[in-house]
Visitor: 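A single structure is presented below for examination.
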Amino acid sequence: MTDKLQNTLKNLPTTPGVYFHKDKNDKIIYIGKAANLRNRVRQYFQKSRQRDPKTDALVAEIADVEWTEVETELDALFLEAELIRRYLPPYNILLRDDKSMTYVRIDHAAKHPTVTLTRRPLDDNAKYYGPYFSALTVRRALKYLRRIFPFSMHKTSPSRACLQYHLGLCPGIEEHKTDLSHYRRNLTKLSKYLQGQRSQLIRELESDMNKAAKEQNFEQAAEARNQLQALRGLKQQIVFGDKEIQDISKDKGLMELAGVLGLKSAPKVIEGYDISHMQGTNTVASMVVFRAGVPNKAAYRKFKMRILGNDDFAHMNEVIQRRLSQKNIKLWGVPSLFLIDGGKGQLSAAIKARDAAGIDIPMIGLAKREETIVVHTQKSNVAVDTVVASATGGFVSSSPEFMEILLPRTSHAVKLLQRIRDESHRFAVSYHTVLKRRSQTASWLDEIPTIGPMTRKKLLRTFGSVRGIMQARQQDLEKTIGERRAQILRQYIRAEHKSAK
């Protein structure tokens, strides 16, 4: 062990956090979490401890240790998962499998809203929070949170109040023990906690408690008081957020990116965009949001493209136009930096839409082939300095309009941008897949005016299949859906018969 490493171990704090083991080339080789950083990191170097061969190999390569302090162990859990996905350290192989990730699912809009765990988020209008690598830890966290914000975990609506209701853990909406609107407000509070909005939630509860007390609604005031006290007590045990856990000044990717691009400060919020389609069909765009270097999944958005065909430039222009509409700016705010998946063409199309909206936020591209950062010399609104890029081991090539920055693959800035780009690609592909499956199950009935979902169901129930509908007699169609609709349907049936010949 070197003198430098010994001095580092002496300065380790006793707080929860995430630690980074580095080799002699300053490359991150392992990322771990700890409830007590000093105790956990020092364990690696205790000669009395028996270690497996993998750990022996890891310790032999450790030349330096860095760390980020967080508030609680669960904060460390989330931050560890995100940084492993970004840096892919060689000794974290066991945590690379996406199948091990767990999400918290809340279906606010359902008639019987529930809170459940899942490993496969779907496009089903529910809210998903995560991902988390340890399902056990997430379940333990939800046990604490359920005492404050009672919620149902039933997969099907029960016929009567369950045992959890009598224990104060379930709202009991199946027997109207709790008003549905009140239950949904509780779920909204739970969602805010999962999103890391602890401080805001505490202020809201204080306001609700004072307002209810003034109106002499003492039962409601007592409920808000109890939630408030439980939240404050919970702060030292479990935290479930993804926005307040990372000190932006300690994220080397953000700080390095700010230096390379000449930004005045590290970009607090970065939005990434990608287009997905198959030969110009079912074209969609994705918008992912990274806050303080970690994903804020509640802020993700998806767009179904209105422009038809296979034109990535036009589609990128469209999605930025829609993103920067006055309505969406008011609802979502604006980021510190736009990241466009693509090269000069995609970036130019996006910049054109941004300028048309009168916004001057920095915008860059990331070209896949060499992971090159693409910057418009005049319109990207960044102060790119060749000397700064060269100082980080990068290479810059420029033309009258564009500058391309090729940083080493080990660069923290490149890894951050890759992570955002890959996440935007994953989100776009998942939405495209949903639309493609829907189109594969659609029929020519879907395109007939006046024939809505309920009418289609009635026709299929009566005649058994699309083929049965096409062979049905006019009088049978009129009897089923009425004379006017039957006439319109008959016209489409004739056209379908002609096209089949």
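None of the values given here were measured: they were computed from a predicted structure.
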Visitor: Which pair of heavy atoms, one from G293 and one from R86, lies closest together, and at what distance?
Guide: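 Smallest interatomic distance, heavy atoms only, reads O-NH2, 2.7 Å.
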Visitor: Please confirm whether the backbone N or O of S424 pairs with a side-chain atom of S286, one donor and one acceptor, at under 3.5 Å?
Guide: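 Judged by distance alone, yes, a pair lies under 3.5 Å.
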Visitor: Is the shortest side-chain N to carboxylate O distance from E401 to K379 below 4.0 Å?
Guide: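 Between K379 and E401 there is no salt bridge, as every charged N stays at least 4.0 Å from the carboxylate O atoms.
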Visitor: Among L257, N381, V269, which residue meets the side-chain contact (heavy atoms from CB on, under 4.5 Å) test with L337?
Guide: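 Only match with L337 under side-chain contact (heavy atoms from CB on, under 4.5 Å): L257.
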Visitor: Hey, is E318 close enough to K304 for a salt bridge, meaning N to O under 4.0 Å?
Guide: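 Salt bridge between E318 and K304, a charged N being under 4.0 Å from a carboxylate O: no.
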Visitor: Should S348 and F402 count as side-chain neighbours, where that means a heavy-atom distance under 4.5 Å?
Guide: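 Yes. Closest side-chain heavy atoms under 4.5 Å.
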Visitor: Could you verify whether a donor N or O on one side chain and an acceptor N or O on the other, from S152 and H112, lie under 3.5 Å apart?
Guide: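 Present: a donor and an acceptor within the cut-off.
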Visitor: Is a side-chain N or O of Y128 found less than 3.5 angstrom from the main chain of T118, in a donor-acceptor match?
Guide: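 Such a contact is absent between Y128 side chain and T118 backbone.
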Visitor: Looking at R354 and I361, would you say the former's side chain and the latter's main chain have a donor-acceptor pair under 3.5 Å?
Guide: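 A pair under 3.5 Å: yes.
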Visitor: How many angstroms lie between CZ in F151 and OG1 in T114, if you round to the nearest 0.5 Å?
Guide: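 Result: 10.0 Å between the selected atoms.
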Visitor: Donor-acceptor check, side chain of S411 to backbone of L407, threshold 3.5 angstrom: yes or no?
Guide: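 Flag not set: sc S411 to bb L407 has no pair under 3.5 Å.
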Visitor: G343 and Q346: which non-hydrogen atoms are nearest, and at how many Å?
Guide: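 Residues G343 and Q346, closest heavy atoms: N-OE1, 3.2 Å.
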Visitor: Just wondering, more than 12 heavy atoms not from L308 lying within 6.0 Å of its CG?
Guide: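 For L308, atom CG is not crowded (no more than 12 foreign heavy atoms under 6.0 Å).
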Visitor: Report yes if the side chains of Y273 and M316 come closer than 4.5 Å at any heavy-atom pair, otherwise no.
Guide: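 In contact.
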Visitor: Can you check side chain to side chain contact (heavy atoms under 4.5 Å, CB included) on V374 and I405, steps first, answer last?
Guide: CA-CA 7 Å; V374 182; I405 307 171; over 6 Å; no
Visitor: Hey, is the main chain of A109 close enough, under 3.5 Å, to the side chain of R184 for a donor-acceptor pair?
Guide: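 A pair under 3.5 Å: yes.
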Visitor: If you define the side chain from C-beta out and look only at heavy atoms, does anything of I420 sit under 4.5 Å from D341?
Guide: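 Not touching, per the 4.5 Å side-chain cut-off.
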Visitor: Under 3.5 Å, side chain of N25 to main-chain N/O of K27, donor-acceptor pair present?
Guide: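 The answer is no, because no donor-acceptor pair under 3.5 Å joins these two groups.
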Visitor: With distance as the sole criterion, is a donor-acceptor pair present between the side chains of N310 and H315 under 3.5 Å?
Guide: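 The criterion, which ignores hydrogens and geometry beyond distance, is not satisfied for H315 and N310.
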Visitor: So, for T480 and F463, which heavy atoms are closest and what is the spacing to 0.1 Å?
Guide: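 Closest heavy-atom pair between T480 and F463: OG1-CZ, 3.7 Å.
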Visitor: Could you tell me whether the side chain of I373 reaches within less than 4.5 Å of the side chain of L366, counting heavy atoms only?
Guide: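 With C-beta onward as the side chain, the pair touches.
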Visitor: Within the structure provided, determine whether L254 and P267 are in side-chain contact (heavy-atom separation under 4.5 Å).
Guide: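 Yes, side chains in contact.
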Visitor: Kindly indicate, with the supporting measurements, whether the criterion side chain to side chain contact (heavy atoms under 4.5 Å, CB included) is fulfilled by R146 and M153.
Guide: CA-CA 10 Å; R146 199 176 185 188; M153 299 187 73; 3.8 Å; yes
Visitor: Let me confirm one number: the CD1-CD1 distance from I359 to I329, rounded to the nearest 0.5 Å.
Guide: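 Reported to 0.5 Å precision, the distance equals 4.0 Å.
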Visitor: Quick one: CG on L459 to CZ on R456, what's the gap to the nearest 0.5 Å?
Guide: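 Separation between the atoms: 9.5 Å.
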Visitor: Show the numbers, then the answer: is there a ring-ring contact (aromatic ring centres under 6.0 Å, His included) between F427 and H425?
Guide: CA-CA 5 Å; F427 194 51; H425 179 70; over 10 Å; no
Visitor: I need the minimum non-hydrogen distance between P362 and S336, along with the two atoms involved.
Guide: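 Looking at all heavy atoms of both residues, the shortest contact is CD-O, 3.5 Å.
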Visitor: Does the side chain of I275 reach to within under 4.5 Å of the side chain of V284, using non-hydrogen atoms?
Guide: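 I275 does not reach V284 side chain to side chain.
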Visitor: What distance do L347 atom CG and I364 atom CD1 have between them, rounded to the nearest 0.5 Å?
Guide: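 Separation between the atoms: 8.5 Å.
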Visitor: Which heavy atom in L339 sits nearest to a heavy atom in L417, and how many Å separate them?
Guide: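 Nearest pair, atom of L339 first, then L417: CD2-O, 3.6 Å.
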Visitor: Enumerate the salt bridge (Lys or Arg N to Asp or Glu O under 4.0 Å) contacts for residues 480-493, please, sequence neighbours excluded, ordered by first and then second residue.
Guide: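 Every pair satisfying salt bridge (Lys or Arg N to Asp or Glu O under 4.0 Å) with a residue in residues 480-493: there are none.
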Visitor: I320 versus I340: any side-chain heavy-atom pair under 4.5 Å?
Guide: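 A side-chain contact exists here, since the closest heavy-atom pair is under 4.5 Å.
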Visitor: With rounding to the nearest 0.5 Å, note down the distance linking OG1 in T455 to CD1 in I448.
Guide: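 One finds 10.5 Å between OG1 of T455 and CD1 of I448.
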Visitor: Please check: side-chain N/O of S380 versus main-chain N/O of M363, any donor-acceptor pairing under 3.5 Å?
Guide: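 Indeed, once roles are kept as given, a pair shorter than 3.5 Å links the two residues.
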Visitor: Go through S191 and H108 one step at a time and tell me if the side-chain hydrogen bond (donor to acceptor under 3.5 Å, both in side chains) criterion holds.
Guide: CA-CA 10 Å; S191 297; H108 293 261; 3.0 Å; yes
Visitor: List the steps, then state whether side-chain hydrogen bond (donor to acceptor under 3.5 Å, both in side chains) holds for H21 with D64.
Guide: CA-CA 6 Å; H21 288 321; D64 194 12; over 6 Å; no
Visitor: Got a sec: does the NZ of K127 have more than 12 other heavy atoms crowding it under 6.0 Å?
Guide: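 Counting other residues, nucleotides and ligands, NZ of K127 stays at 12 neighbours or fewer.
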Visitor: Could D26 and K22 be called an ion pair, given the rule that one side-chain N must be under 4.0 Å from one carboxylate O?
Guide: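 Counted as a salt bridge, because a side-chain N and a carboxylate O are separated by less than 4.0 Å.
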Visitor: Does V289 form a side chain to side chain contact (heavy atoms under 4.5 Å, CB included) with M287? I'd like the steps, not just the answer.
Guide: CA-CA 7 Å; V289 182; M287 176 187 112; 3.9 Å; yes
Visitor: Is there a donor-acceptor pair under 3.5 Å between the side chain of R291 and the backbone N or O of K268?
Guide: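 No, the answer is negative, given that no donor and acceptor are paired below the 3.5 Å cut-off.
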Visitor: Looking at K189 and E204, does any basic side-chain N land under 4.0 Å from a carboxylate oxygen?
Guide: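 Judged by the 4.0 Å cut-off on N to carboxylate O distance, K189 and E204 do not form a salt bridge.
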Visitor: Are the charged groups of R419 and D422 less than 4.0 angstrom apart, N to O?
Guide: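 No.
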Visitor: Honestly, is K302 close enough over Y431, meaning NZ or CZ under 6.0 Å from the six-membered ring centre and within 45° of the axis?
Guide: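 Judged by the rule (NZ or CZ under 6.0 Å from the ring centre, within 45° of its axis), K302 counts as positioned above Y431.
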Visitor: Would you say N328's side chain and R322's backbone share a donor-acceptor pair under 3.5 angstrom?
Guide: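 Answer holds: yes.
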Visitor: Minimum heavy-atom separation for A486 and E478, please, with both atom names.
Guide: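 Scanning both residues, the minimum pair turns out to be CB-CG, 3.5 Å.
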Visitor: Going from CG on L477 to NZ on K479, what distance comes out if it is rounded to the nearest 0.5 angstrom?
Guide: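 NZ of K479 is found 12.0 Å from CG of L477.
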Visitor: Does a donor on one side chain sit under 3.5 Å from an acceptor on the other, for Y91 and E61?
Guide: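 Note: Y91 and E61 side chains meet the donor-acceptor criterion.
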Visitor: Walk me through whether F313 and N317 qualify under side chain to side chain contact (heavy atoms under 4.5 Å, CB included).
Guide: CA-CA 6 Å; F313 302 161; N317 181 275; over 6 Å; no
Visitor: Are side-chain N/O atoms of H432 and N282 paired as donor and acceptor at under 3.5 Å?
Guide: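 Short answer, no.
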Visitor: Side chains of E423 and K297: closer than 4.5 Å at any heavy-atom pair?
Guide: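 Yes. Closest side-chain heavy atoms under 4.5 Å.
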